[in-house]
Amino acid sequence: MSGTNAASGAAPCRFAHYFVICGIDTETGLEPDELAALYQWLEADRQGRDPDTAAAGENFEQSPLKRTFKSKVLAHYPENVEWNPFDQDAVNMLCMPKGLSFRTQADNREPQFHSFLITREDGSRTYGFVHTFYEEVTSPQICSAMQTLYQMHQAENPSSATPSSSSSSSMDSLASSLDEADSPSSSSCRSAACGGYDASRDTLYVSKALCLITPMPFMHGCRRFLSQMHWAVTAASPPPLPLESYVHNILYEVPLPPPGRSLKFHGVYEPIVCQRPGPGELPLADFPLGQTFTLLGVENLVQLFNCTLLEMQILLYSQDYQRLMTVAEGITTLLFPFQWQHVYVPILPASLLHFLDAPVPYLMGLQSKEGTDRSKLELPQEANLCFVDIDNHCIELPEDFPQFPNKPEFIQELSEVLLHYGISPVGGAPPTSVSTSTTTTPGSVSTRHPGLKSQQALRELEDDGRNGNLGGEQLAVLELLQGNATLERLQALAKRTGVRVEALRGVGGEREGQGQGGRTAVEEEELRNAKLNVQLREVFASRFTTMFADYEAFVIQSAPDLESWLTNREQMHNFDKASFLSDQPEPYLPFLSHFIETQMFATFIDNKIMSQWEEKEPLLRVFDGRIDKARLYNVRAPSLRSSNYQRCTILKESAQAIEQRLMKIDHTAIHPHLLDMKIGQGKYEQGFFPKLQSDVLSVGPTNNNRWSNRTATAQRRKDRHRQQTEHLTLDNDLKEKYMQEARSLGKNLRQPKLSDLSPAVIAQTNWKFVEGLLKECRMKTKRMLVEKMGREAVELGHGEANITGLEENTLIASLCDLLERIWSHGLQVKQGKSALWSHLLHYQAREEKLEQQQAESPVSNGPERRKSESSIGMPSLRASVIQDMRHIQSMGEIKTDVGRARAWIRLSLEKKLLSQHLKQLLSRQALTKKLYKRYAFLRCEEEKEQFLFHLLSLNTVDYFCFTSVFTTIMIPYRAVIIPIKKLSNAMTTSNPWVCVSGELGDSGVRQITKNVLEMTFDCQNLGKLTTVQLGHDNSGLLAKWLVDCVMVRNEITGHTYKFPCGRWLGKGVDDGSLERVLIGELALPNADEDFGRGCRTPDMQHSPGQTRRVSITSMGGRGYKPTSAQIQEAIGEAVNSICKHFHKPEKERGSLTILLCGEVGLVGALEQFFHNGFKSARLFQKTVFVWDFVEKALAYMESADQMGDMQETAEPLGLTCVSLCHYVSAINSSPRNIGKDGKFQLLVCLGARDRLLIQWLPLLLECPVIQQMYEESALLRDRTTVNALIAVLQTLHDFPITLEASLVKGIDL
């Protein structure tokens, strides 16, 4: 018992947890692979065939040598390790992802190496390293079973004597490819080589796997240990010690290297060195990054890295398991200091293919079969998929996503590092597998033997160890060799007989090349890989250190203790996103605004907040250390907010640290030694892996061992500390539960359960997905609402804005992505890249068919009635899914289905019809049933209702996400002019016209048919509408016209704008205007019935700013007159609004015209100021206007000037007088008939723009005309008030006011 305790006490520090052997179980014989059968069942289900017939019976179409058979875990040592329980099914499935494979003596039987990982519930990982080789089958039962199967196969398919006829079922396409890859050339094609098997003549071989399961990814060390174990079995003489000694040694006597140290332990023939980074360095990553770059090329790799950061769905595709693993681990390693938070399965066994249906971000690897075409691969969803075809060195990217900041400079820096190591940055390695030949032999070539350099160079090229990128000296040796026929023949012979060239070296070579600085070629290669790895990773890490150097300043620490933080995690804002973004350089914003919405960023910030109560998460500790160091050297300060690229400065040091560790070995593990074993068992038999004695391997040594002792005490100390902290903080299980909740969905699905794959388990998994999607929808809509409402509150003057247009766009893009994922969950048959658009097209086809049938039947009188209802004002727009689809389909700018689906979502969101449209779409239940499986999200009634309800909440805010994105499309507009008197529209004889302007341009002058007063016209998107110019040509007898308002509607989005007028247009009436500039406001959809009503004076209780200036001017001052205090307040408010406008980011500002000339604009407020105390009595039935006062004052000044009275005045005053005269005469001589109030409005706008208003006011105040036209109490006659007004207007001088073209048309200054 003490033995097991000792083993378990030390085990967290053990280098390896398990040694596993997988292969054929001779007791049970040949069993077809159940998982393959299950996969066929799933595949049939996915394609809508009857699954039971598909899975029944064996697949006789395929040659038995090509079929997959069930493998078993034959043995694993020790039986169990408490903190890492042995998962037999998972290990078996990942050791032999395609089951057992059989070969004959004519097939290629090169050993293969691959790695895998298992992610546990809590996100921690265990790594597996597998060496697969072929062992001769000695069991006569299995040989005869194979013979029988082959005869049955021939009876079924008499023509199939060649391997090329293997079936092309999709199971097959996912099965191994390596089998075909190494079939020998036709010259040696005997019956066996052609996929046949004859027991009397052929030798049968079956695959067997040796596997080490370790807590850390020491890939190189494990690979060398396993290949030495295999070598010991195949060598001519038995190994120095029984194999149990080596297994026992690596399981129980080799510790993990301590952080920052290196460790040497002994394999069967050679020592193996591994090193572990120190606490301040980047964490361990032993998979060769150089190979990842070589396979994909820098450009592709940076794009893949970007997609990973933005948490898209990523599918890696390759024939070679090790390549899948290398690329997956490479990419996730580069994310430092962030961590991938979603489904992570670098090798997806065929039986788990339904996981590709997962409607969450994932990173998965799928094995391809040689010769299968990518186009044949049916993937459930591609709208947000990044597909990486590793063997063909290409990637397919999702549509429109932001680019990584400083991408060209970043790629340049990475390319320089690669070139330094002789690797081409373009990528595209030759197709031979880099990773599959594991040919380390006892005693590799030592570079001190010059005669062997040639062999090494040739071997490296042949094994493709560096993908053809050899160093200069080796390249020279290679060129010398390429013409040497004898050596080439020798090499070919060596390869055939399975003897390695290195093994032929002189006996004089020492066992280990350990002379002065002498390292074996393998060690050289490992050192080079390690240095390249760390330098590439440093370049990536330094990008994040630069980008997030100040992230701590924006972390919101709001909770007093861990428990309250965990409880309220969902409601809390942890990071001040808006302030963070406002502090970043403009070019970074598109990427950063997306990235800070990801789960990996949220988890990173959570870890930061939790670090105030518990130990820092290791990656965070390293990252914070780097930021502090950079701050110490003050690298960041001058470049803050600049987007200049900063190169990594510590490349040299990082490579040196690793080299020093590998040169100077810090620790050496105990040598393998004889164990207390029964003699005579496990006799050595060349070529066969013996049955090991389990009793000596099931427990470790008793506690006589230095490091296990030390770690046991450390462990006890840790346990005590943990118990104390548990009393202080909350219960750990509770905390884990909170963390699971807090860290959003996807986390508990990081690794599918590999063991039990019954349909019930699959249903359970899908149920988790449904719940996850609903939760994500709730979070997203809530976030969109909170941000948007926050912003609208600011526009009403509360608080501070915390969303930018960029951020809004990011949120909408992620909503589009979520809808695509929901629509592709549980799809029966996939059509096109967008599942949502495909569903809409099916719906459209059905509805159009129904419409046709209705058109043929007698027609109803529905539409007639609607016309009479809204005889005046706008005819209402019918909400129609089909109509909106047709709008999108007619947009030539959008070329793909994914693009159309996104445009349709944006349009529906802007029209506040998203929830209603989707409800309408899903109401056709027969269609949904036809398109989706029973477990699909869209067929879960309750969840679907909640989902539509969450989307409905988005109707409470206004979005312009369609109008503002598709700025170049043609849009039909409808304009209606609403006169005040019911008869006056029939009584005007002149020809009216309008010109509509918006933030993106204007429509040009459009003539309206006389007396119809309604028109539609097409023009390029005008954006949000701001002004309408309305006028007529004053022809005919009845040329006077009293207009209430103009309504203009965007016929695609349904946005209706109301442009109030309430004035006459005509000579000799009102202010004599033939044309007016009207300022618009967005009309509320439910206010349709108010559109036609006459314009009334506002009620008394309305706020002063809201009072329509009509009531003061046009109605001769009837009704409500504001007090002087209210007028001053209105001016202050108007100026304040303009200041706020300029403080917003440029893209978010909206219309300045409304702030100047709108209902509560500056012009209206100043008009009230000028009207206060104005003697506007109707003398001889003629109304006097403020403009009359301005003209009289000017006339007086000009005459005074001529008489010389102005000579004494100060020089500037004289100039001011000239400027005022100049502006007034320019306005008066304009060809437009804008009337006296229009002219005054124009004068105020020009004065504000050119910063002259404050100079003109004193002139008017001093002018004697003021006494005739204003009462004593008028604000304009009070010097103090005028000075106060000048001070307020002075604040506008800081801003560049620009006027819309519609305001200043025809003015020549």
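Note that the structure is a prediction, hence the values are computed from the model and not measured.
The pair Arg1063-Asp1237 meets the salt-bridge criterion, since a charged nitrogen lies less than 4.0 angstrom from a carboxylate oxygen. Using a cutoff of 4.0 Å between basic side-chain nitrogens and carboxylate oxygens, Lys1140 and Glu1133 are not scored as salt-bridged.
No side-chain heavy atom of Arg1006 sits less than 4.5 Å from a side-chain heavy atom of Trp993. Side-chain contact between Met784 and Ile812: present, with at least one pair of heavy atoms (C-beta onward) separated by less than 4.5 Å. Between Ser964 and Glu910 there is no side-chain heavy-atom pair separated by less than 4.5 Å. Thr1153 places a side-chain heavy atom less than 4.5 Å from the side chain of Leu1303. Proximity of Asp1250 to Tyr1223: side-chain heavy atoms (C-beta onward) are separated by under 4.5 Å at one or more points. Within the 4.5 Å cutoff, the side chain of Leu592 has heavy atoms near those of the Met547 side chain. Side-chain contact between Pro1296 and Phe1142 is present, with at least one heavy-atom pair separated by less than 4.5 Å. Contact annotation: the side chain of Val1028 never approaches that of Cys995 to less than 4.5 Å [non-hydrogen atoms, C-beta and beyond].
Here the straight-line distance linking atom CG of Asn1283 with atom CG of Leu1261 works out to 8.0 Å at 0.5 Å rounding. Rounding to the nearest 0.5 Å gives a distance of 7.5 Å between CG of Asp1294 and SG of Cys1139. Interatomic distance, CG of Leu1082 versus CG of Asn1050, reported as 10.5 Å (0.5 Å rounding). For the atom pair Gln1168 CD and Thr1123 OG1, the distance stands at 10.0 Å (nearest 0.5 Å). For the atom pair CG of Leu1257 and CG of Leu1252, the computed distance is 11.0 Å after rounding to the nearest 0.5 Å. Going from atom CG of Asp1018 over to atom OG of Ser1003 covers 11.5 Å, rounded to the nearest 0.5 Å.
Residues Ile977 and Pro979 come closest through the heavy atom pair O-CD, 3.4 Å. Of all non-hydrogen atoms in Met1197 and Cys1263, the two that sit nearest each other are CE-CB, 4.4 Å. Minimum interatomic distance between Pro590 and His594 (heavy atoms only, all atoms of both residues): O-ND1, 3.2 Å. Closest approach of Ile1079 to Pro1060, counting heavy atoms only: O-CD, 3.4 Å. The two residues Ser1219 and Trp1256 make their nearest non-hydrogen contact at OG-NE1, 3.1 Å. Heavy-atom minimum distance, Ile1127 versus Ala1165: CG2-O, 4.1 Å.
Inspection of the Ser1073 and Trp1064 side chains reveals no N or O donor paired with an N or O acceptor under 3.5 Å. A donor-acceptor contact closer than 3.5 angstrom is absent between the side chains of Glu999 and Thr1026. A donor and an acceptor atom, one from each side chain of Asn1172 and Glu1271, are nowhere located under 3.5 Å apart.
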Under the side chain to side chain contact (heavy atoms under 4.5 Å, CB included) criterion, do Leu1242 and Val1244 qualify, and how do the steps go? CA-CA 5 Å; Leu1242 193 50; Val1244 172; over 6 Å; no

Full working for side chain to side chain contact (heavy atoms under 4.5 Å, CB included) between Met1015 and Arg974: CA-CA 6 Å; Met1015 66 177 300; Arg974 178 187 293 266; over 6 Å; no

Test His1055 against Tyr1057 for side chain to side chain contact (heavy atoms under 4.5 Å, CB included), laying out the working first. CA-CA 7 Å; His1055 281 312; Tyr1057 293 83; 4.0 Å; yes

Candidate pair Phe1169 and Thr1281, rule side chain to side chain contact (heavy atoms under 4.5 Å, CB included), full reasoning: CA-CA 10 Å; Phe1169 187 89; Thr1281 312; 3.9 Å; yes

Let me see the working for Asp1002 and Gln1029 under side chain to side chain donor-acceptor pair (under 3.5 Å), right down to the final yes or no. CA-CA 10 Å; Asp1002 68 53; Gln1029 290 156 258; over 6 Å; no

Could you walk me through whether Thr968 and Gln1020 pass the side chain to side chain donor-acceptor pair (under 3.5 Å) check? CA-CA 6 Å; Thr968 56; Gln1020 192 169 315; 5.6 Å; no

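Counting only distance, with no hydrogens or angles, the side chain of Arg906 and the backbone of Cys961 share a donor-acceptor pair below 3.5 Å. Side chain of His1141 to main chain of Leu1155: no donor-acceptor pair is present (N/O by atom type, distance under 3.5 Å, no hydrogens or angles). Judged by distance alone, the side chain of Asn1021 and the main-chain N or O of Phe966 form a donor-acceptor pair under 3.5 Å.
Phe554 and Phe580 have perpendicular rings, their planes meeting at more than 60° on a 0 to 90° scale where under 30° would count as parallel.
Checked against the 6.0 Å centroid threshold, Phe1174 and Phe1170 do not count as a close aromatic pair.
Figure legend: cation-pi geometry between Lys1024 and Phe960, with NZ or CZ positioned under 6.0 Å from the six-membered ring centre and within 45° of its axis.
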